[in-house]
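Here's the structure, in structure tokens; my notes come after.
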Number of protein chains: 2
Amino acid sequence: MDTLQFTKAIAHETRQEIMSHLCCVWLSVNDLVEKLGGKVNQPTVSHHLKILEEAGLVHIRQEGKYRFYTLNQERITLCCGMLIQTFAPDYQQAVIRVDDIE
Amino acid sequence: MDTLQFTKAIAHETRQEIMSHLCCVWLSVNDLVEKLGGKVNQPTVSHHLKILEEAGLVHIRQEGKYRFYTLNQERITLCCGMLIQTFAPDYQQAVIRVDDIE
DNA sequence: TTGACATATTGATATTTTTCGATATGATTA
DNA sequence: TAATCATATCGAAAAATATCAATATGTCAA
């Protein structure tokens, strides 16, 4: 788990779009292809999902012939914390689950 | 100031090395070339610095014929916060200056 | 089984990014 | 002013990444 893999994984317009669609939502690959509105085709979406998967940024649930993806928000938060620790050590962050305080 | 420019700016091994060297320290371009130990040459370092500059991630101070660079830690912290807000909204972060609490 | 559908993989091409040598710019000193 | 040094920019080549069409794999239902 390093900052380089994390940043490379998310440093792409289409992947960030995919991530937005997967935020708090489970979607299949074809759902995503549709949401992206013809911008890219199915193999390309699969390719991007794989990169996100390898970086640990998505949860995956297989259901029949479908694979559902959703964002791993905890991991994203951790990686961002790591970035701050590495490149902004004079700042300190506390990451708090909203659930824990409300 | 968007998440895409930020992530693209930092998603490169050499640039992350440069950022590490510039963390809490002011260095000239040639200082950096040396610190990188022959990995890349001066025009390449200048190129990477420009990308960091365009993303607002460095402070620059001209001193005679030298240009000194250092990391803009506050900006980095803000961008990471933006990432969390965008891609991990179920987590909430508080970013606190160490100076303010010690 | 077979057929149909969802997703992954492959291999080739296209695009983007990085890198370097050469050179330009800008500042300082002789 | 000329010479020197630090850094930036340019243009071409190299490397890395993204994209797509074709096809393989894997799952379900008939």
Side-chain angles (χ1 to χ4, degrees), chain A residues 2-22 25-72 79, chain B residues 2-22 25-72 79:
Chain A
D2 59 322
T3 55
L4 192 57
Q5 188 185 24
F6 171 62
T7 53
K8 284 183 130 178
I10 68 176
H12 191 275
E13 184 176 12
T14 303
R15 283 198 291 278
Q16 291 202 2
E17 274 185 55
I18 288 173
M19 290 170 72
S20 292
H21 286 304
L22 292 181
V25 179
W26 288 89
L27 292 179
S28 71
V29 179
N30 277 340
D31 289 342
L32 278 169
V33 174
E34 248 189 64
K35 296 250 179 205
L36 292 171
K39 188 182 180 184
V40 287
N41 64 8
Q42 179 267 313
T44 300
V45 172
S46 281
H47 170 247
H48 287 310
L49 287 169
K50 193 181 181 190
I51 288 170
L52 294 173
E53 178 185 354
E54 284 169 353
L57 300 179
V58 287
H59 291 296
I60 303 178
R61 181 161 53 85
Q62 182 96 28
E63 202 145 307
K65 54 186 172 184
Y66 300 91
R67 291 191 101 195
F68 290 99
Y69 290 81
T70 196
L71 268 197
N72 182 347
C79 287
Chain B
D2 58 323
T3 56
L4 191 58
Q5 187 186 23
F6 171 62
T7 53
K8 286 185 125 177
I10 69 177
H12 190 275
E13 185 176 13
T14 303
R15 282 197 292 277
Q16 290 201 4
E17 275 186 55
I18 288 173
M19 289 170 72
S20 293
H21 287 303
L22 292 182
V25 181
W26 289 88
L27 292 179
S28 71
V29 179
N30 277 339
D31 289 344
L32 278 169
V33 174
E34 249 191 61
K35 296 250 178 205
L36 293 170
K39 189 184 183 183
V40 286
N41 64 8
Q42 178 266 313
T44 301
V45 172
S46 280
H47 171 247
H48 287 309
L49 287 170
K50 193 181 180 188
I51 288 169
L52 295 174
E53 177 184 356
E54 284 168 353
L57 300 179
V58 286
H59 291 296
I60 304 178
R61 180 162 55 85
Q62 181 96 26
E63 200 145 309
K65 53 188 174 183
Y66 300 92
R67 290 191 101 195
F68 290 100
Y69 290 81
T70 196
L71 267 196
N72 182 346
C79 288

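Keep in mind that the numbers below use all heavy atoms, side chains included, and drop hydrogens, waters and symmetry copies. Chain naming here is simple, since letters A, B, ... match the order of the sequence lines and numbering starts at 1 in each.
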Any B:T14 side-chain N or O less than 4.0 Å from OP1/OP2 of C:dT18: no

Under the criterion side chain to side chain contact (heavy atoms under 4.5 Å, CB included), which of B:V33, B:T14, B:I18 is the partner of B:V40? B:T14

D:dT19 OP1/OP2 closer than 4.0 Å to side-chain N/O of A:N41: no

B:T44 side chain near C:dT19 phosphate (N/O to OP1/OP2, under 4.0 Å): no

Of the listed D:dT19, D:dT9, D:dA6, the closest approach to the A:H47 side chain comes from D:dT19

Choosing from C:dT17, C:dA8, C:dT18, which nucleotide comes nearest the side chain of B:K8? C:dT17

What contact category does B:Y69 fall into here, base, sugar-phosphate, or nothing, at under 4.0 angstrom with non-hydrogen atoms? sugar-phosphate

At under 4.0 Å, does any side-chain N or O of A:S28 touch on OP1 or OP2 of C:dT7? yes

Of the listed nucleotides C:dA8, C:dA27, C:dT17, the one nearest the side chain of B:Q62: C:dA27

Checking A:T70, A:I60, A:D31 against A:W26 for side chain to side chain contact (heavy atoms under 4.5 Å, CB included), the one that qualifies is A:T70

Where do B:Q16 and B:S20 land on the side-chain hydrogen bond (donor to acceptor under 3.5 Å, both in side chains) test, with the steps shown first? CA-CA 6 Å; B:Q16 290 201 4; B:S20 293; over 6 Å; no

Measure from the side chain of B:H12, starting at C-beta and using heavy atoms only, and say which of C:dC5, C:dT19, D:dA8 lies closest. C:dT19

Pick base, sugar-phosphate or nothing for A:I60, based on heavy-atom distances below 4.0 Å to the nucleic acid. nothing

The side chain of A:H48 is closest to which nucleotide in this list: D:dT19, C:dA8, D:dT9? D:dT19

With respect to the phosphate group of D:dC5, does any side-chain polar atom (N or O) of B:N30 fall under 4.0 Å of OP1 or OP2? no

Would you say C:dA6 has OP1 or OP2 under 4.0 Å from some side-chain N or O of A:R67? no

Whether A:K65 contacts C:dA4 is assessed here as follows: a side-chain N or O lying under 4.0 Å from the phosphate OP1 or OP2. Is that the case? no

Would you please confirm or rule out a distance under 4.0 Å between OP1 or OP2 of D:dT9 and any side-chain N or O of B:K50? yes

Check whether the side chain of B:Q42 and the base of D:dA8 form a donor-acceptor pair under 3.5 Å. yes

